[in-house]
Amino acid sequence: MSSGPAVPSSVPPVTPEDASAGVTTVLGETEIARALTRIAHEVVERNKGAHDVVLLGIPTRGVPLAARLAERLATIEPGLDTASIVGELDVTMYRDDLHKHPVRTIGATRLPASGIDGKVVVLVDDVLFSGRTIRAALDAISDIGRPRAVQLAALVDRGHRELPIRPDYVGKNLPTSLSERVSVRLVETDCPVDGDATGAPATDAVLISQRPTTSSEATR
């Protein structure tokens with residue numbers, strides 16, 4: 001799905017370092033906000049409401065994206081308690097590449113007080129690539145509860161799937177080559193890097209660059 005035409009005022013400035021590296025902004029702040037609003041409406045429509053929905057963000061950037069989606073769901077469904085439907089799912093120990101990267105920081109899994117049993121769990125991630133992170137998330141979920149259904153929302157789907165995994169909700173389908181790198185910057189997670197360190201204003205953006213993907217990206 002397309003997130004709509006670009007709005008120039010929402011696109012963050014490209015720094016000299018970005019320009020020299022061939023970085024292109026494909027989504028700006030307004031486009032990301034519009035995509036999340038659309039996804040929220042699709043979640044409500046598909047599930048006939050949002051009161052049985054639990055949003056589980058996959059670290060790092062899936063966590064703030066899940067929180068933003070919850071806020072949008074609350075504007076559609078009056079009376080919805082956002083704190084009761086948002087959680088965080090760490091998939092570190094369920095990855096199939098631990099033998100290649102044995103040193104990983106283990107994060108936290110935080111579930112809403114009501115748990116996930118009998119709920120519609122929507123996994124939220126920033127970039128969907130090979131599908132291996134989502135496979136790990138499905139394994140993690142099977143160990144902590146039994147939801148009625150599991151759905152997937154991704155801000156960006158860049159293709160190149162290695163597993164039969166397909167998102168239910170997509171902010172932007174972004175055809176890419178394997179030599180390209182897709183980066184998501186969010187105010188909640190990237191402010192110190194984008195703002196304090198460079199002096200540039202912190203803002204949301206999805207960037208694509210003509211650089212080889214790293215080994216960690218290749219397993220997402």
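Residue indices begin at 1 and follow the sequence shown. Keep in mind that the numbers below use all heavy atoms, side chains included, and drop hydrogens, waters and symmetry copies. The model shown is predicted, which means the values in this text are computed figures rather than measured ones.
- Ion pairing between a basic and an acidic side chain is recognised when a charged N comes within 4.0 Å of a carboxylate O; D139 and R95 show no such pairing.
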Exercise. Could you check Y169 against V43 for side chain to side chain contact (heavy atoms under 4.5 Å, CB included), going step by step and ending with a plain yes or no?
Key: CA-CA 8 Å; Y169 315 102; V43 169; 3.7 Å; yes
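- S209 and R181 share no side-chain donor-acceptor pair at under 3.5 Å.
- Nearest heavy atoms, V54 versus G115: CG2-O, 3.9 Å.
- No side-chain heavy atom of V53 sits less than 4.5 Å from a side-chain heavy atom of K119.
- Judged purely by atom type and a 3.5 angstrom limit, R158 uses its side chain to pair as donor or acceptor with the backbone of S177.
- R166 contributes atom CZ, which lies 11.5 Å from atom CG of L128 (distance to the nearest 0.5 angstrom).
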Quiz item: Are I39 and V124 close enough, and set up right, to give a side chain to side chain contact (heavy atoms under 4.5 Å, CB included), and what steps lead you there?
Solution: CA-CA 11 Å; I39 289 174; V124 183; over 6 Å; no
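- Side-chain polar atoms of E29 and T203 form a donor-acceptor pair below 3.5 angstrom.
- Listed here is the closest heavy atom pair of G131 and I165: O-CD1, 3.1 Å.
- Using a 4.5 Å heavy-atom cutoff, the side chains of V120 and Q151 are in contact.
- Atom CZ of R161 and atom CD1 of I134 lie 9.0 Å apart (nearest 0.5 Å).
- To the nearest 0.5 Å, the span separating OG1 on T133 from CG on D125 amounts to 6.5 Å.
- Looking at heavy atoms from C-beta onward, V122 lies out of side-chain contact with L56 at the 4.5 angstrom threshold.
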Exercise. Using the side chain to side chain contact (heavy atoms under 4.5 Å, CB included) rule, take T109 and E88 through it: C-alpha gap first, then chi angles, then the decisive distance, then the call.
Key: CA-CA 5 Å; T109 290; E88 179 176 345; over 6 Å; no
Self-check item: Residue pair I32, V206: steps toward the side chain to side chain contact (heavy atoms under 4.5 Å, CB included) verdict
Solution: CA-CA 8 Å; I32 291 174; V206 176; 4.1 Å; yes
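- From R68, atom CZ reaches atom OG1 of T37 across 10.5 Å, with rounding to the nearest 0.5 Å.
- A donor-acceptor pair under 3.5 Å links the side-chain atoms of H160 to the main chain of T176, judged by distance alone.
- Between P64 and T189, the closest side-chain pair of non-hydrogen atoms falls below 4.5 Å.
- The heavy-atom pair separating L123 from A137 by the smallest distance is CD1-CB, 3.8 Å.
- Between P112 and V86, the closest heavy-atom pair is CG-O, 3.7 Å.
- Side-chain contact between I116 and I141 is present, with heavy atoms from C-beta onward closer than 4.5 Å.
- Residues L174 and D157 fail the side-chain proximity criterion, which asks for heavy atoms closer than 4.5 Å.
- If you run side-chain contact (heavy atoms from CB on, under 4.5 Å) between I208 and each of T25, V26, V23, only V26 comes through.
- Salt-bridge check for D190 with R61: passed, with a basic side-chain N closer than 4.0 Å to an acidic carboxylate O.
- When all heavy atoms are compared, the tightest approach of V91 to A136 is CB-CB, 3.9 Å.
- A salt bridge between E31 and K172 is absent, with no side-chain N of the basic residue lying under 4.0 Å from a carboxylate O of the acidic one.
- Going from atom CZ of R110 over to atom CG of D90 covers 9.5 Å, rounded to the nearest 0.5 Å.
- For the pair D143 and Y94, the minimum side-chain heavy-atom distance is below 4.5 Å.
- Grouping the Ile, Leu, Val, Met, Phe, Trp and Tyr side chains by contacts below 4.5 angstrom, directly or via other members, places M93 apart from V63.
- Atom CG of L27 is separated from atom CG of D204 by 10.5 Å, given to the nearest 0.5 angstrom.
- Residue G171 comes nearest to A35 through the heavy atom pair CA-CB, 3.8 Å, listed as atom of the first residue, atom of the second, then distance.
- When atom types are taken as modelled, the side chain of N47 and the backbone of G49 share no donor-acceptor pair closer than 3.5 angstrom.
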Practice problem: Go through the steps for D168 and R46 under the test salt bridge (charged side-chain N to carboxylate O under 4.0 Å, His left out), then give the verdict. | Solution: CA-CA 10 Å; D168 299 275; R46 177 166 180 166; 2.9 Å; yes
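- Residues T82 and L73 are not in side-chain contact: their nearest non-hydrogen atoms beyond the backbone lie 4.5 Å or more apart.
- A donor-acceptor pair is defined here as one N or O able to donate and one able to accept, closer than 3.5 Å; no such pair exists between the side chain of R148 and the backbone of D117.
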